[in-house]
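Sharing a structure with you now.
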Amino acid sequence: MENPPAGRAGKTGKPAWPAGRYLKYAIGEIVLVVIGILIALYINNLNTEKQDSITLNGYLNNISQNIKVDEVNLDRIAVYRDSSIIGSKYFMNIIEQENTLKEQYSIYFTKYFKYNPWLDKYFQSNKSGFEALKNSGYLSKIQQTTLESELYKYYRLVEQIENEEKYLNNFMEEMKYDIYKNNIVQPIKSIVNKGVGNIETDEDFDKLQSFFNYPSVVGSHSRNAGTSYLNELYNELLMSAVNLQKEIENMTKG
């Protein structure tokens with residue numbers, strides 16, 4: 001049976017559609033579906049990017065909090081290093097004199113000994129936020145940015161400080177072991193406890209001189225007196241912390 005001509009009714013009594021018109025209708029339906037899919041994908045991408053941004057900001061805010069704690073610890077260790085260096089320089093000045101006064105010994109023990117170089121002091125950095133960011137895969141989202149550069153600069157300095165302090169503290173630990181192994185401290189404990197300024201006997205004075213001239217004691221203070229480079233590293237890290245905080249703020253507030 002022949003198809004009904006255009007404009008005439010078919011068996012159903014409805015007008016028959018020309019093939020061209022039907023094709024246009026089908027294409028229009030397909031286009032609408034494609035547009036709908038693209039819109040859905042676009043919205044989904046926006047949501048994904050928004051969620052990624054929230055997650056990344058969370059990691060960065062954690063790093064920012066870590067750095068604030070680091071800054072407090074840096075101030076504390078810098079104060080200790082300054083006092084310890086001054087004390088060691090005072091010690092070296094004493095032993096370089098031909099005639100040391102008992103008052104000088106007294107000043108050392110009352111004012112500087114609490115900052116002695118054998119204390120196991122070091123800067124502690126909280127790196128949990130940075131380690132979490134590296135392990136998350138979100139670090140790739142800030143590649144080739146100033147923020148990435150400042151992050152690596154900061155934590156490279158942290159690592160450098162940790163290594164320098166480790167070398168120094170290991171040296172001091174060896175000196176301390178030698179001092180205690182050879183019982184250098186015990187003879188002067190009673191003198192220090194009663195107050196060096198109250199020395200009355202030549203024997204006590206000789207004990208103090210023996211302590212001050214013992215090679216490991218001298219070596220410890222000589223090494224410690226030259227550790228101002230650590231304070232320079234602390235200051236450099238503080239400046240790096242300021243720059244990094246600014247970059248984090250720009251990223252999270254932008």
Side-chain angles (χ1 to χ4, degrees), residues 69-126 157-238:
V69 176
D70 283 358
E71 289 173 323
V72 173
N73 291 335
L74 277 170
D75 286 336
R76 289 174 179 170
I77 191 66
V79 169
Y80 164 76
R81 290 285 177 211
D82 280 335
S83 300
S84 187
I85 290 170
I86 292 172
S88 288
K89 287 182 177 179
Y90 186 83
F91 176 96
M92 297 304 295
N93 183 58
I94 289 176
I95 65 170
E96 288 169 1
Q97 295 178 1
E98 292 185 5
N99 298 309
T100 304
L101 302 175
K102 65 180 181 180
E103 287 79 11
Q104 291 176 295
Y105 289 134
S106 179
I107 290 173
Y108 171 77
F109 282 107
T110 57
K111 188 174 181 180
Y112 297 118
F113 191 70
K114 58 186 173 183
Y115 304 111
N116 72 76
W118 305 293
L119 298 177
D120 192 24
K121 298 285 187 178
Y122 51 91
F123 166 63
Q124 292 179 294
S125 175
N126 187 340
L157 276 170
V158 168
E159 184 177 4
Q160 183 180 356
I161 288 172
E162 289 176 344
N163 289 334
E164 293 290 349
E165 288 183 329
K166 180 180 178 181
Y167 297 146
L168 177 64
N169 287 334
N170 285 346
F171 174 82
M172 294 303 174
E173 191 64 31
E174 293 176 2
M175 296 296 101
K176 183 168 68 173
Y177 175 78
D178 179 71
I179 291 168
Y180 280 92
K181 182 184 71 173
N182 290 287
N183 200 30
I184 302 302
V185 176
Q186 189 63 36
I188 67 167
K189 276 189 175 181
S190 60
I191 302 173
V192 174
N193 290 337
K194 71 181 180 181
V196 176
N198 298 318
I199 294 176
E200 296 179 353
T201 66
D202 291 339
E203 182 181 359
D204 284 347
F205 200 79
D206 289 342
K207 288 178 180 178
L208 281 175
Q209 286 185 318
S210 295
F211 171 80
F212 270 73
N213 290 310
Y214 188 72
S216 290
V217 176
V218 175
S220 297
H221 282 287
S222 177
R223 173 76 181 274
N224 193 58
T227 56
S228 59
Y229 63 90
L230 283 172
N231 287 70
E232 293 173 3
L233 287 174
Y234 298 151
N235 289 332
E236 188 176 352
L237 187 61
L238 280 172

- Task: Could you list all the salt bridge (Lys or Arg N to Asp or Glu O under 4.0 Å) pairs where at least one residue sits in residues 75-99, not counting sequence neighbours?
- Result: R81-E165

- What is the distance from atom CG of D120 to atom CG of N169, rounded to the nearest 0.5 Å? 5.0 Å

- Item | No-hydrogen, no-angle side-chain donor-acceptor test under 3.5 Å, N116 and S84 |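 On atom types as modelled, these side chains do not qualify, holding no pair under 3.5 Å.
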
- Message: Please report the interatomic distance CZ(F211) to CG(N213), rounded to the nearest 0.5 Å.
- Response: 10.5 Å

Donor-acceptor contacts under 3.5 Å from residues 183-192 side chains, at least two apart:
none

- K207/E203 salt bridge by N-O under 4.0 Å criterion: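 Salt bridge: yes.
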
- Message: Other residues, nucleotides and ligands only: do more than 12 of their heavy atoms fall within 6.0 Å of OH on Y167?
- Response: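 Counting other residues, nucleotides and ligands, OH of Y167 stays at 12 neighbours or fewer.
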
- Item | Other residues, nucleotides, ligands: >12 heavy atoms within 6.0 Å of Y122 OH | no

- D202 CG: over 12 foreign heavy atoms closer than 6.0 Å: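 No, the 6.0 Å shell around CG holds no more than 12 heavy atoms from other groups.
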
- Message: Looking at every non-hydrogen atom in both residues, tell me the closest pair between S222 and M92 and how far apart they are.
- Response: N-SD, 3.8 Å

- Message: Checking side-chain polar atoms at under 3.5 Å, does N231 have a donor or acceptor matched by the opposite partner on N235?
- Response: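 Not at all, the side chains of N231 and N235 share no donor-acceptor pair under 3.5 Å.
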
- Task: Quick one: list whatever passes side-chain hydrogen bond (donor to acceptor under 3.5 Å, both in side chains) with S125, sequence neighbours left out.
- Result: D70

- Task: Quick one: closest heavy-atom pair of F212 and I95, and the distance?
- Result: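 What the structure gives for the nearest pair is O-CG2, 3.6 Å.
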
- Query: Have Y112 and H221 got a donor and an acceptor in their side chains that come within less than 3.5 Å?
  - Reply: no

